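Every chain is numbered from 1, with letters handed out A, B, ... down the list of sequences. Source: prediction; values computed, not measured.
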Amino acid sequence: MKVASWNVNSLKVRLPQLLQWLQAEDPDVVGLQETKLLDDNFPVDEIQAAGYHVDFAGQKTYNGVAVLSRGNGPETTDIVTDLPGLDDPQRRVLAVTIGDLRFVDFYVPNGSEVGSDKYDYKLGWLEKCTAYIEDQLQQHERFIVGGDFNIAPEDEDVHDPAGWTGQVLFSGPERQAFQRLLKLGLTDSFRLFEQEPATFSWWDYRMGAFRRNRGLRIDHILVSDALKDRCVGARVDREPRTWERPSDHAPVVAQFTD
DNA sequence: ATGGTAGCTGGGCTA
């Protein structure tokens with residue numbers, strides 16, 4: 001089983017790239033973020049034609065999440081699009097059950113700037129999502145939460161940790177919230193394996209950041225203990241970030257034995 | 001401290 005997450009930054013613009021990537025990579029489950037589409041405009045037909053069932057929760061202009069699951073399997077069930085206790089119009093959550101796998105797709109708020117209202121919203125969101133994940137881990141042995149967490153967990157996940165200290169995406173409270181999530185019984189699949197130094201998943205469009213590899217690793221696939229033991233590989237696929245008119249994020253992938 | 005780019009939208013917000 002191969003599981004992936006990709007912040008596509010507009011599925012309308014990136015649909016051809018997604019379809020090309022699905023064909024090449026052949027993942028079983030894919031969480032998407034920043035689809036930026038109303039549900040009425042979601043490209044269901046194109047994704048079904050590529051061989052995937054798809055669930056989605058979108059809104060106008062911003063945010064929006066979707067989960068693709070390869071169509072051979074049973075339909076998805078127990079679809080959840082809101083964090084319990086958070087009355088939020090922003091579409092950032094999509095949890096689905098695929099066979100015996102519970103998969104949660106997150107688009108964690110960016111936070112804008114430390115100390116801002118958006119930063120407070122991010123920390124509050126992380127509290128609510130942690131409570132939800134704790135509940136889900138108790139109910140599902142085979143559990144994965146993937147997505148754009150907008151948090152670089154460690155120094156090695158940042159091109160310039162000294163310069164980023166205290167900045168949004170790398171501030172202490174955000175990283176502590178990420179550690180609290182892991183403490184519930186999750187493992188960062190990427191760090192189960194030896195990786196190239198300076199591997200990132202997001203590069204700002206500005207200032208030639210990708211060309212200079214000035215990036216952060218903020219997209220993650222976190223797995224329960226049962227799946228940690230079955231995880232046989234994890235990586236960032238930089239290639240789509242080299243394509244013409246790319247998303248600012250690269251897809252991240254984790255592979256498991258059956 | 002600011003600006004650089006991209007997407008959505010139709011001026012400004014978000015990232």
Side-chain angles (χ1 to χ4, degrees), chain A residues 5-21 31-43 46-47 56-66 83 86 88-94 105-126 129 146-153 157-160 162-171 173-175 177-178 200-220 236-252:
Chain A
S5 170
W6 193 5
N7 180 324
V8 292
N9 184 20
S10 168
L11 185 54
K12 180 179 176 176
V13 171
R14 233 66 66 188
L15 180 61
Q17 295 189 17
L18 174 65
L19 296 174
Q20 181 181 336
W21 188 78
L32 302 179
Q33 305 87 37
E34 285 205 85
T35 55
K36 299 187 173 179
L37 286 172
L38 286 168
D39 288 349
D40 286 346
N41 299 331
F42 197 92
E46 291 89 337
I47 287 173
F56 43 90
Q59 66 181 90
K60 189 175 153 77
T61 312
Y62 301 120
N63 309 311
V65 284
L83 292 175
L86 192 69
D88 189 358
Q90 301 190 30
R91 301 295 83 199
R92 300 179 174 277
V93 175
L94 185 54
D105 184 25
F106 275 165
Y107 176 44
V108 176
N110 171 283
S112 183
E113 206 174 313
V114 173
S116 67
D117 289 349
K118 290 192 180 68
Y119 183 77
D120 293 340
Y121 165 67
K122 179 178 194 173
L123 294 182
W125 198 98
L126 286 164
C129 95
D148 176 0
F149 286 77
N150 271 314
I151 301 171
D157 300 313
V158 179
H159 68 89
D160 173 18
W164 276 83
T165 297
Q167 301 294 308
V168 76
L169 310 184
F170 193 55
S171 73
E174 294 165 82
R175 295 165 67 190
F178 190 82
F200 308 122
S201 68
W202 168 81
W203 302 259
D204 199 297
Y205 283 123
R206 297 166 286 191
M207 308 291 286
F210 181 67
R211 180 175 50 78
R212 300 152 71 188
N213 198 29
R214 296 176 68 84
L216 277 66
R217 194 176 67 92
I218 57 176
D219 300 270
H220 309 296
V236 177
D237 184 2
R238 284 174 55 94
E239 197 196 316
R241 190 62 176 80
T242 70
W243 294 345
E244 200 172 328
R245 206 179 181 192
S247 168
D248 46 350
H249 294 252
V252 296

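Computed from coordinates, the A:R91 CZ to B:dT14 P distance equals 17 Å when rounded to whole Å. At whole-Å resolution of the value, CZ in A:R206 and C1' in B:dG7 are 13 Å apart. In this entry the distance linking CG of A:D204 with P of B:dG7 reads 13 Å, nearest Å. Rounded to whole angstrom, the span from the OH atom of A:Y121 across to the P atom of B:dC13 amounts to 18 Å. Distance CE (A:M207) to C1' (B:dA1): 14 Å, rounded to an integer number of Å. Across the protein-nucleic acid pair, A:R14 atom CZ and B:dG7 atom P stand 5 Å apart, rounded to whole Å. In this structure, CZ of A:R241 is placed 10 Å from C1' of B:dA6, rounded to the nearest angstrom. Note: NZ (A:K60) to P (B:dC8) measures 11 Å, nearest angstrom.
Within the 4.0 angstrom heavy-atom criterion, only backbone atoms of the sugar-phosphate kind lie near A:Y107; the bases stay farther away. Nucleic acid contact for A:R92: sugar-phosphate only, since backbone atoms but no base atoms lie under 4.0 Å from a heavy atom of the residue.
For the side-chain contact (heavy atoms from CB on, under 4.5 Å) with A:S201, the qualifying choice from A:N7, A:I218, A:D248 is A:I218, the only one to do so.
Taking 3.5 Å as the limit, the base of B:dC13 and the side chain of A:Y62 contain a donor-acceptor pair of atoms between them.
The phosphate of B:dG7 has OP1 or OP2 within less than 4.0 Å of a side-chain N or O from A:R245.
More than 12 heavy-atom neighbours from other residues, nucleotides or ligands sit within 6.0 angstrom of CD on A:Q90.
Comparing the C1' positions of B:dT14 and B:dG10 gives an interatomic distance of 16 Å, to the nearest angstrom. Taking atom P in both B:dG3 and B:dG12, the straight-line distance is 15 Å, to the nearest Å.
Geometrically, A:R92 does not engage A:F106 in a cation-pi contact defined by less than 6.0 Å to the ring centre and at most 45° from the axis.
The structure places CZ of A:R214 at 8.0 Å from CE of A:M207, a figure rounded to the nearest 0.5 Å.
Out of B:dA6, B:dC8, B:dT14, the shortest distance to the side chain of A:S10 is found at B:dC8.
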Go through A:W202 and A:F210 one step at a time and tell me if the ring pair (Phe, Tyr, Trp, His ring centres under 6.0 Å) criterion holds.
CA-CA 8 Å; A:W202 168 81; A:F210 181 67; over 10 Å; no
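Nearer to the 5' terminus of DNA chain B, by closest-nucleotide assignment, is the contact made by A:T35 (compared with the other of A:T35 and A:N110).
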